[in-house]
Chemist: 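I have a structure here, written as structure tokens, and I will follow up with some questions on it.
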Amino acid sequence: TNLRLEADDAIGASDRHLSLSVATVTAHSTGTNSAGIYLTEDNAITVNTVAVTVTDFNANASTTDVTDASQSDLVSGNNGNIVLVATLGDVTLNDGTDADGTAISANGSGSVLIDSVAGNVTANADILSDTGHITVKADLAMTLNANVNVVTASTGTISLDAEGGALTMVGSTNVEATGSSLRVAASNDIVLGNLTATNVSVITTGGAISNASGTTMNVTATKVRLEADDAIGASGNRLTLDVDTVSATSTGTTRAGIY
């Protein structure tokens, strides 16, 4: 049910993931000689806090409790990548009891992949890399909840893709690729929080693009590209932009207009 992984070097490998059937996972890789975390779950999985206690039986017939203390999040060191794939269920990213606001943290140029191959992705805590790429994929819908930050910088880009449903942010959601590019895509409605990058693309093939209540600025960028099957913004709730160049296309299949 619960799995706690901790290693001085890598956990799994890019060509040989650890295979899991658990409900909750946390993993820390220091990355001293080899770096990265590579996990594939066969059902749904939640990143959260795990502590484990076992009882050692001693030679004198006494017992001693051995506890691996509470550990939260997926954390890589030394430019290690973090890959979490769920083949048949949802992926949920929680902060855990460390209360650092983070679920995923890749050091340096380490990149991140969160992939729900047949389900939804729900982020209740931050997804971070210093300068690596961040890719989050959901076969169905994706939700980035209150105060969630998805952040990288420099050469790192961000791709958020709800392939079979809506992509929903709230007003305090921040997606930031400083000095780089980010793309937000869905097959249904997209509700935007706050996006920041040099280049931004937002595309829905079967819905509208709208402004979440309480946002600061929907898009802060040099260039932004908006494409929707339905409306982009609304007459009473326009998208807010701070950009130099904009392109917007709305097919208007069910709802029409660009605001």
Side-chain angles (χ1 to χ4, degrees), residues 73 92-95 99-106 112 114 121-136 138 141-162 165-186 188-204 207-228 230-250 255 257-259:
D73 314 331
T92 304
L93 307 177
N94 291 336
D95 178 16
D100 61 356
T102 301
I104 309 292
S105 180
V112 174
I114 306 298
V121 173
T122 301
N124 300 310
D126 296 352
I127 304 170
L128 308 176
S129 173
D130 292 326
T131 60
H133 302 298
I134 296 176
T135 300
V136 184
M142 184 182 306
T143 303
L144 307 179
N145 280 318
N147 301 312
V148 167
N149 301 294
V150 182
V151 178
T152 187
S154 184
T155 56
T157 63
I158 295 175
S159 174
L160 307 177
D161 193 357
L167 198 158
T168 305
M169 307 178 195
V170 298
S172 58
T173 302
N174 297 292
V175 182
E176 182 175 350
T178 303
S180 189
S181 300
L182 72 84
R183 181 177 188 267
V184 177
N188 208 316
D189 290 343
I190 296 177
V191 182
L192 288 181
N194 308 285
L195 310 182
T196 303
T198 301
N199 304 298
V200 173
S201 177
V202 182
I203 178 170
T204 167
I209 301 172
S210 62
N211 178 0
S213 176
T215 56
T216 302
M217 184 68 64
N218 289 128
V219 180
T220 303
T222 302
K223 298 178 180 180
V224 62
R225 180 187 188 277
L226 304 169
E227 183 180 353
D230 290 330
I232 297 173
S235 59
N237 189 23
R238 301 180 184 185
L239 296 191
T240 56
L241 310 179
D242 183 0
V243 304
D244 294 335
T245 304
V246 62
S247 170
T249 302
S250 165
R255 293 160 285 176
I258 297 172
Y259 302 90

Chemist: Taking L195 as the fixed residue, which of I158, T220, N174, V202 is the one that meets the side chain to side chain contact (heavy atoms under 4.5 Å, CB included) rule?
Modeler: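 Result for side chain to side chain contact (heavy atoms under 4.5 Å, CB included) with L195: V202.
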
Chemist: Side chain to side chain donor-acceptor pair (under 3.5 Å) with T157: which residues, sequence neighbours excluded?
Modeler: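 Side chain to side chain donor-acceptor pair (under 3.5 Å) check on T157 returns H133.
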
Chemist: Show the numbers, then the answer: is there a side-chain contact (heavy atoms from CB on, under 4.5 Å) between V184 and M169?
Modeler: CA-CA 11 Å; V184 177; M169 307 178 195; 4.2 Å; yes

Chemist: Could I get the full list of side chain to side chain donor-acceptor pair (under 3.5 Å) partners for T198, not counting sequence neighbours?
Modeler: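 So T198 forms no side chain to side chain donor-acceptor pair (under 3.5 Å) with any residue.
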
Chemist: Sub-3.5 Å donor-acceptor pair from the side chain of N211 to the main-chain atoms of N237, do we have one?
Modeler: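 A pair under 3.5 Å: no.
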
Chemist: Among residues at least two apart in sequence or on other chains, which ones pass side chain to side chain contact (heavy atoms under 4.5 Å, CB included) with A146?
Modeler: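 Per chain and number, A146 pairs via side chain to side chain contact (heavy atoms under 4.5 Å, CB included) with V170, S172.
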
Chemist: Starting from the C-alpha separation in whole Å, work towards a yes-or-no answer on side-chain contact (heavy atoms from CB on, under 4.5 Å) for V219 and D242.
Modeler: CA-CA 6 Å; V219 180; D242 183 0; over 6 Å; no

Chemist: So does G171 get a backbone contact from the side chain of N194, meaning a donor-acceptor N/O pair under 3.5 Å?
Modeler: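 Indeed, once roles are kept as given, a pair shorter than 3.5 Å links the two residues.
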
Chemist: Sequence neighbours left out, what pairs pass salt bridge (charged side-chain N to carboxylate O under 4.0 Å, His left out) with at least one residue falling in residues 212-228?
Modeler: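 Sorted result for residues 212-228: R225-E227.
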
Chemist: Please tell me if the side chains of V243 and T245 come closer than 4.5 Å, counting only heavy atoms from C-beta onward.
Modeler: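 Side chain of V243 against side chain of T245, heavy atoms only: no contact under 4.5 Å found.
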
Chemist: Taking side chain as C-beta onward, heavy atoms only, is T249 less than 4.5 Å from L226?
Modeler: no

Chemist: Say whether N218 and T240, considering side chains only, have a donor N or O and an acceptor N or O under 3.5 Å apart.
Modeler: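 Looking only at side-chain atoms, T240 and N218 do form a donor-acceptor pair, the distance falling under 3.5 Å.
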
Chemist: Would you say T204's side chain and G207's backbone share a donor-acceptor pair under 3.5 angstrom?
Modeler: yes

Chemist: Using the test side chain to side chain donor-acceptor pair (under 3.5 Å), find all partners of D161 that sit at least two apart in sequence or belong to another chain.
Modeler: none

Chemist: Measure from the side-chain N and O atoms of D95 to the backbone N and O of D100, and report whether any donor-acceptor pair falls under 3.5 Å.
Modeler: yes

Chemist: With sequence neighbours excluded, tell me which residues meet salt bridge (Lys or Arg N to Asp or Glu O under 4.0 Å) with D230.
Modeler: R255

